[in-house]
Structure formats: structure tokens, C-alpha cells
Amino acid sequence: MSFKSRGGGGGGFVVELPSRSFVSKKWTLLLCIGCFCAGMLFTSRLWTEPETRDLTRTTRTEDGLKLVLDGCDPSIKNVKREPKDVLGEVSKTHNAIQTLDKTISNLEMELAAARATQESILNGAPISDNLKVAESSKKRKYLMVVGINTAFSSRKRRDSVRATWLPQGEKRKKLEEEKGIIARFVIGHSATSGGILDRAIEAEDRKHGDFLRLDHVEGYLELSAKTKIYFATAVALWDADFYVKVDDDVHVNIATLGTTLARHRSKPRVYIGCMKSGPVLAQKGVRYHEPEYWKFGEEGNKYFRHATGQLYAISKDLATYVSINQHVLHKYANEDVSLGAWFIGLDVVHIDDRRLCCGTPPDCEWKAQAGNVCVASFDWSCSGICKSSERIKEVHRRCGEGENALWSATF
């Protein structure tokens, strides 16, 4: 660009622009063709994408229509139900959680038991014979251990039980091996160890082989201590799901008991029986007097809920808990109250099953005829079957489940 000055009267500047450069027609034509091709390519890309989306939507619509049509096909009705079986899946999940919880509870109790044993050994305490037996042979898993509480003076009661609901000889071995049920009369020792009472029990045991001897001095006021030692001894000898305590003047249908307990197998910390809450008796000289009545509040109060003492069952983790803590568990005058007290502060499942406390005929007989066979039968007025050694055969005849029920039962 140049600037020139003009002369004359009207002086000024003249701007002189550079000359323009022109594109030839040939290049113009090529440029137009290139732009056209680029435009076609760009338009083609934009057009292909919507076409794909439309195709996708069409395909999804067709799939949906196909699913609807498939739902109307009667040949695949079973497939239609599977996604809707939500309750079944929830139930399976719940059962799996319960089983896991029980497994964890058992492992915790076993670990605690191992620690307690280790501490005893480190402190110089000798290993008990029961523990040696348990460690020497890893026994099979049993459904339940039934401990029949008895006394030195109860020979007739024991014989009446053997003649009715407790299998003898080879049948008892079959009960253990095929059904996983251990049953023993539970008794300790007399105040004079090795005396005539102990020798009589030893002779009876040689004949029948159905006793569990405890390291315990027998006495009516020592039932709470006997209960602790029974559970500790039984859990050391046999690995079972449940440990049962029953009195020797109670009629029991073993198959029904096994079926009842098996329903609660997956639950942790189970305490099952006929739950009651009787009055706390402060008056001295009366039956079931509670010397520590003041601990239960004002006069006239009732006990907390606990299983009646004629028959109850606890799961293995609770039996292990009793075994580990037996030296610090407080004993009340009444054994069933003591057991309930040991569990009152724990996360325990209390199961109240009234079939564990039926009356004697006609009560248990009517229930059996209605298809609701009782687990245990006794007279509340006698805290057992009144004159049981004489009447238990009649109760067994009228209220028994039948021998076939036991051998055909599956737990």
C-alpha cells in the first residue's frame, strides 16, 4: 500500500490499494466438487446414526412384543413363576442366616471351652476323665442326649421307664446308631462314696448299661448343682444338637421329642420347654420355698419366665456355656429357676411348647386321637405322674406314640 500527496489547492492523500489476485475457473470447479463431496459425506454420517437408533428402537419393541407373546405361551408357565417366587427366596436366605448364626455361636462356645481348658491345664488342674474320652475319640454327631434325672431310691421308677418308653439292649444301641439319640439315667454318688447305695447302682448299671454317673453328691437340695454338672459332663462326652433333662416319673414319646427339637436345629441358643412364671414363696417350711425371695422384689412377686423342671432342652451352645461358667453360675433353691436365671441375661431363644407338659389320660389321650401327640405327660399336682411306677404303663398304652413311630422317624 502506498500513500501519495497531490499538489494543488486541495491537497490530500490518495490511497492506492494493491491489485486483487483472481482464482482460475479450473480451481473454482475443483473446489466446488470437493465441497459437494464433503457435504455428502457429512450428510451421510448424520443420516446413518438416526437410522441405527430407529433400528435399535424397533428391535427393542419387537423383543418386548416377543416377551409378551411368550408370556401367553402355555408351554412355559413354569418359567413365568420363577421370578415371582420372592417369598421362597426370602425364606431360604433367612434359613441360611440362621444356620450361619448357629455355626458362629457354636464356634464361639467351642473356642471359649478350649480356652477354659487351656487355662485349667496351665494352672495345674488335672484333665477330667470325661474330657479325655471326648478328646481321644471324635464321636459322631447326635441329635440329642436325654438325661433322666433319678435318685438312689427310684429303682422301681427306672424299671417302669425301661418297660415303657426307653428302649433296652440292642434296641437302645440301634437308637444311638441309627437315630442319633443317647438316653441315660443320671445320678451322682452318695455321701459315703463306695457305700451300699453306690454299689447297688453299679450292679444295676452292669445289668442295663444305661447310667451316666456324675461327680456329684446326691441330695434333693442339690438339684441345681446336679443340673450344671450333668450338662457339663454330657457336652464333654457327646457332640449333640440338644441336651435334654427329664425326670424319671414323666412319660416321654421319644420320636415326637426328636421331631420337635429337629425343627429348631438351625437356631442358635435355644431353650425349649413349658414356660411358666410361678410365685416366689417366701414362707419357710412350704414346698418350693425360695430362701432368696428378697432378690425377686416385693412379697407376692413371680419368677421370670422359665421352663418347668419336668422336661426341658437346651442347644449345644447353651450347654457349653453352662459347662464353661459352672463355677460362677448362681444356684437358687429350685433347679428350673436356676436354669432360667442362667439364661435370662443372654440372647436366648425361649420356645414355649405346651406339648412338653401334657396331662395324663384323658388329656394326652384326647390330644393323641386328634393327631397332636404329646412329647411328655405327667400330673401337675404331683410334679410328675402320681404313683408313676404303677401308672406309667397305663399312660404309655393310652398316650404312647407306638414303637413304629420311633423306628420310622427321620430327624
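In this text, all values refer to a predicted model and were calculated from it rather than measured experimentally.
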Given 3.5 Å as the limit, does a donor-acceptor pair link the side chain of [X] with the main chain of [Y], or not?
X: His189; Y: Val217; value: no
X: Arg162; Y: His208; value: no
X: Arg184; Y: Leu212; value: no
X: Ser408; Y: Asn404; value: yes
X: Arg265; Y: Asp241; value: no
X: Tyr271; Y: Ala307; value: yes
X: Thr227; Y: Leu223; value: yes
X: Trp342; Y: His330; value: yes
X: Lys228; Y: Val322; value: no
X: Glu401; Y: Ala255; value: yes

Closest heavy-atom contact between [X] and [Y]?
X: Arg398; Y: Pro362; answer: NH2-CA, 4.4 Å
X: Ser338; Y: Tyr332; answer: OG-N, 2.8 Å
X: Ser154; Y: Asp248; answer: CB-OD2, 3.3 Å
X: Ser190; Y: Thr192; answer: OG-O, 2.7 Å
X: Asp352; Y: Cys274; answer: OD1-CA, 3.6 Å
X: Ala151; Y: Ile187; answer: C-CD1, 3.6 Å

Side chains of [X] and [Y], heavy atoms from C-beta outward: is any pair under 4.5 Å?
X: Asp247; Y: Val250; result: yes
X: Val235; Y: Tyr243; result: yes
X: Thr256; Y: Cys374; result: no
X: Val373; Y: Asn253; result: yes
X: Lys174; Y: Pro167; result: no
X: Asn372; Y: Arg355; result: yes
X: Asp210; Y: Gln168; result: yes
X: Arg206; Y: Glu202; result: yes

The residue among Leu166, Leu311, Val244 that forms side chain to side chain contact (heavy atoms under 4.5 Å, CB included) with Val252 is Leu311
Of Leu339, Leu356, Ile351, which is the lone residue that meets side chain to side chain contact (heavy atoms under 4.5 Å, CB included) with Tyr312?
Leu339
If only side-chain N and O atoms count, and only distance matters, is there a donor-acceptor pair under 3.5 Å linking [Y] with [X]?
X: Asn149; Y: Lys226; answer: yes
X: Gln283; Y: Tyr293; answer: no
X: Asp249; Y: Ser388; answer: no
X: Arg305; Y: His350; answer: no
X: Ser389; Y: Arg157; answer: no
X: Ser383; Y: Tyr288; answer: yes
X: Asp317; Y: Ser315; answer: yes
X: Lys393; Y: His396; answer: no
X: Ser224; Y: Glu335; answer: no

When rounded to the nearest 0.5 angstrom, what distance separates [atom1] in [X] from [atom2] in [Y]?
X: Met275; Y: Cys357; atom1: CE; atom2: SG; value: 10.5 Å
X: Ile182; Y: Leu175; atom1: CD1; atom2: CG; value: 8.0 Å
X: Met144; Y: Ile181; atom1: CE; atom2: CD1; value: 3.5 Å
X: Cys399; Y: Asp363; atom1: SG; atom2: CG; value: 8.0 Å
X: Tyr303; Y: Ile344; atom1: OH; atom2: CD1; value: 13.5 Å
X: Ile385; Y: Phe378; atom1: CD1; atom2: CZ; value: 9.5 Å

Evaluate Ile254 against Val146 for side chain to side chain contact (heavy atoms under 4.5 Å, CB included), listing each step before the verdict.
CA-CA 9 Å; Ile254 299 183; Val146 180; 5.8 Å; no
[atom1] of [X]: more than 12 outside heavy atoms within 6.0 angstrom?
X: Asp215; atom1: CG; value: no
X: Trp366; atom1: CH2; value: no
X: Glu299; atom1: CD; value: no
X: Lys295; atom1: NZ; value: yes
X: Trp294; atom1: CH2; value: no
X: Lys331; atom1: NZ; value: no

How far apart are the C-alpha atoms of Lys171 and Glu403, what are their side-chain angles, what is the distance that settles it, and do they pass the side chain to side chain contact (heavy atoms under 4.5 Å, CB included) test?
CA-CA 11 Å; Lys171 289 184 178 180; Glu403 189 174 359; 2.6 Å; yes
Determine, for [X] against [Y], whether the closest basic-nitrogen to carboxylate-oxygen distance falls under 4.0 angstrom.
X: Lys276; Y: Asp336; answer: yes
X: Asp239; Y: Lys316; answer: yes
X: Arg269; Y: Asp347; answer: yes
X: Glu177; Y: Lys173; answer: no

Relative to the ring of Phe304, is the ring of Phe296 parallel (under 30°), tilted (30 to 60°) or perpendicular (over 60°)?
tilted
Which word best sums up how the rings of Phe185 and Phe211 line up, parallel for under 30°, tilted for 30 to 60°, or perpendicular for over 60°?
tilted
Walk me through whether Val186 and Thr150 qualify under side chain to side chain contact (heavy atoms under 4.5 Å, CB included).
CA-CA 6 Å; Val186 180; Thr150 191; 5.9 Å; no
For the cysteine pair Cys364/Cys358, does the gap between the two SG atoms stay under 2.5 Å?
no
Does Glu222 form a side chain to side chain contact (heavy atoms under 4.5 Å, CB included) with Glu218? I'd like the steps, not just the answer.
CA-CA 7 Å; Glu222 297 297 327; Glu218 285 291 321; over 6 Å; no
